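Please read the structure below before turning to the comments.
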There are 2 protein chains.
Amino acid sequence: MTLKPVRVGICGLGTVGSGTFNVLMRNADEIARRAGRPIVIEQVAARRDNPDCDTTGVKVTADIFEVAQNPDVDVLVELIGGYDVARELVLMAIANGKHVVTANKALLAHHGKELFGYARERGLTIGFEASCGGGIPIIRAITDGLIANQIDAIYGIVNGTSNFLLTEMIQKGETYQQALAAAQESGLAEADPSLDVNGTDSAHKIAIMTALAFGTDVDFDAIPVEGIDNLDEQDVAFGRDLGYVVKLLAVAHRIGDDVTAWVRPAFISTDHPLAWVGGPFNAISVYGHATGHTLYYGRGAGGSPTASAVVADVVGIGTGVLPAVFSSTRFWPDRNTTGPQVGLDGSVSRFYVRIMAQDRPGVLASISDILGRHEISIASLRQNEQARRNELVPVVVTTHSCREPAIRDAIARIDALDTTDGSTVCMPIVEEHPEEFSN
Amino acid sequence: MTLKPVRVGICGLGTVGSGTFNVLMRNADEIARRAGRPIVIEQVAARRDNPDCDTTGVKVTADIFEVAQNPDVDVLVELIGGYDVARELVLMAIANGKHVVTANKALLAHHGKELFGYARERGLTIGFEASCGGGIPIIRAITDGLIANQIDAIYGIVNGTSNFLLTEMIQKGETYQQALAAAQESGLAEADPSLDVNGTDSAHKIAIMTALAFGTDVDFDAIPVEGIDNLDEQDVAFGRDLGYVVKLLAVAHRIGDDVTAWVRPAFISTDHPLAWVGGPFNAISVYGHATGHTLYYGRGAGGSPTASAVVADVVGIGTGVLPAVFSSTRFWPDRNTTGPQVGLDGSVSRFYVRIMAQDRPGVLASISDILGRHEISIASLRQNEQARRNELVPVVVTTHSCREPAIRDAIARIDALDTTDGSTVCMPIVEEHPEEFSN
């Protein structure tokens, strides 16, 4: 017996859309064999042709909403991005009885709860493996593979563009602007890279993973977010001298009964399990109370890797796997309780601090004194000799663990000294999360 | 509406059995919330009490076959190990209408095809996430998350004991016997570690993953297997000087239309993505034609990590996820075609070769001459000075890529020289597998 084909409507024919189109077209036989039924492209909606896609013989429309109303479409694949029109499109598809597969993290970070709830109400499924980590099956790991675990923490490198830029800065000593220009030239950064480099994209992803892993609502706007766009190459270099590499981390972990989530550039030791993750690759560490540390690595963006995740969801809907996960398990955003979400105030970390200070007697003493009065213990302090007079010199301090508000307050006071220029840089030094087997 | 509980019978209360028991008992509420229904332990079969498990209030029997016939058990969890009695137990459980969850790689490597076929015939499911990679959800990645991909290759470090021993040898310069004694003392190696260190356990796992990933039958006995039990610490040290670390690799990849699978100690460069995997951890790299390289890392053994995988399968059976994957997708061993499986003869690799030779004129020339006549190009050659006369000196050669039969034949000829002692060591130097995006 062969089951009826799954009929797919693809909205959006950009990088991921064309990747999805091509994976489904070119590997139709193999996918049908594995899925136990054919997956056919019923319709494609795109504002313009994509030369990478041969749409001969496929219904093409410029109107995405036509797909959402097409009675011959079983699964609408939303790859248009953004979150206003996309929300409307997904709501219309669900209203018309269609399952939805999306790679849209912004949409889910902002409207996930509403969309998941509506889909479930209508007995439909939303697949979103492609929303986090590109080709890495991280959503399945959290919602299925690790289901026996209470998750303690997630540490992710989840923006490929940022990681590529940081890798270039670290390896070639480039400035942020030099690395960005090169990445844009080679197509690894968009013309407007803002959402990638300012941390927003990473925040979308950690919001989705946090809601799934911890079973709490996530207020996206309450996530502290800092990108790599203000990163100074001298801090990259000082960090390297200290044995650290800088990574844009998206982190969520429990603090007692609360959950904190944040995105910011952080130093990690070169033997930290995320330190080797270079170039455009992503990796996500998940710490469960039964598994301990597990890590998932792969290409976090790009047409074909992300298409792999989109197609897995389409197949999963066809086989009934995804509807089973979606309907029966209880940890989707719309089934979460509103849990306490705390910012950085409860965080404890080591810190890297660079102060631009005058090179004269008493300056180091006053800095040390401020840190001491905030009960911040200095792990290392380095002031490099400077050639010319009257220039400010960088004073690089690393601290032992202290509370986030303490370091913030201390830096405010250091910046207020008339011997500093008020531009102190502070970055967390993140140690590997401890494995806590509570079994 | 709350669904009826899933009633579990656990056979075997060793490390994984007691871990499973405790995860299910202690996290019953959280698991029930996530699974959408309670998971209860109906019966436990164990030859003796395990002090780590409080079985008060649980039916305990010494007879595993009682569990397979208990009408109140929905899922039989087979954790007794071995493959004769275990096969009988699983067949009886299926005959009595029970789903089966197993961590038993030996059982599946030898009898998987029969057991999968029988389960499917009876409309039942076998869950075996715990059979490969302990707490790492690698079976789900291959059968679900990466379903859109044609898999090109799998490179795994899948035996925690071996990886722990190698890490100790590399980091502390210990001999194999010293590392083993320490591991046995700390419980990280069994009293009889044979199956772990001689490569058999890794071969079981690569056999299972190969059948799933490539859709071909695997003849377990045709897999070339070599363990770490004959590894000489001087080769570990010479390798380190050359920039390599030694890992016990379990590898399967396509060679044209064929598939090759093997297990052996190999050198990898320190910047290879598997080089950082230390201690008892496992990692599996999967190269798909759409995702490119993805990697999965975690604890490959131990009670609680492996229990995480067992419980995920039990929950998956309860939610219907696992039966959906098992019944509808087409790449289980019993649905495979018998494909061509080739040994190492088709392999091309770089090699590390250590020859114990006399330190006198003409010896290096004769070695180079033999390699040259086999069209094996030398990448580096090192002969260290030796203090005493008439002793043999180690000559360490690394080669450029050559065919496996060529190096084997060349070594036979080198070993036949009367200037060598006939004990030449040869290990492959494995480069990172290339990502081949065929999309």
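Just so we're on the same page: letters track the sequence lines, and every chain starts at 1. Everything numeric here is computed off the predicted structure, so don't read it as measured data. Worth knowing before you read on, the calculation uses all heavy atoms, side chains too, and leaves out hydrogens, waters and symmetry mates.
Pairing each heavy atom of A:Ala148 with each of B:Ala312, the nearest pair is CB-N, 4.4 Å. For the pair B:His293 and A:Tyr297, the tightest heavy-atom approach, listed with the atom from each and the gap, is ND1-CE2, 3.6 Å. The shortest non-hydrogen separation linking B:Gly135 to A:Thr294 is O-CG2, 4.1 Å.
Contacts with chain A were tallied for B:Ser285, B:Gly298, B:Ala324; B:Ala324 has the most, counting heavy-atom pairs under 4.5 Å. Listed options B:Gly320, B:Ala309, B:Pro273 were ranked by heavy-atom pairs under 4.5 angstrom with chain A; first place goes to B:Pro273. The choice from A:Pro137, A:Gly288, A:Gly318 that makes the most heavy-atom pairs within less than 4.5 Å of chain B is A:Pro137.
With a 4.5 Å cut-off on non-hydrogen atoms, B:Arg140 touches chain A through its side chain but not through its backbone. Proximity to chain A is absent for every atom of B:Ile39, based on heavy atoms less than 4.5 angstrom apart. Heavy-atom distances place both the backbone and the side chain of A:Val321 under 4.5 Å from chain B. Using a 4.5 Å cut-off between heavy atoms, A:Leu146 contacts chain B through both its backbone and its side chain.
Note that the NE2 atom of A:His289 and the OG atom of B:Ser308 stand 8.5 Å from one another [nearest 0.5 Å]. A distance of 5.0 Å separates CG of A:Leu295 from CH2 of B:Trp276, quoted to the nearest 0.5 Å. Rounding to the nearest 0.5 Å places CG of B:Asp144 at 11.0 Å from CZ of A:Arg34.
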For this session: Check the pair A:Val311 / B:Asn149 against side-chain contact (heavy atoms from CB on, under 4.5 Å), numbers first and verdict last.
Result: CA-CA 9 Å; A:Val311 173; B:Asn149 289 266; over 6 Å; no
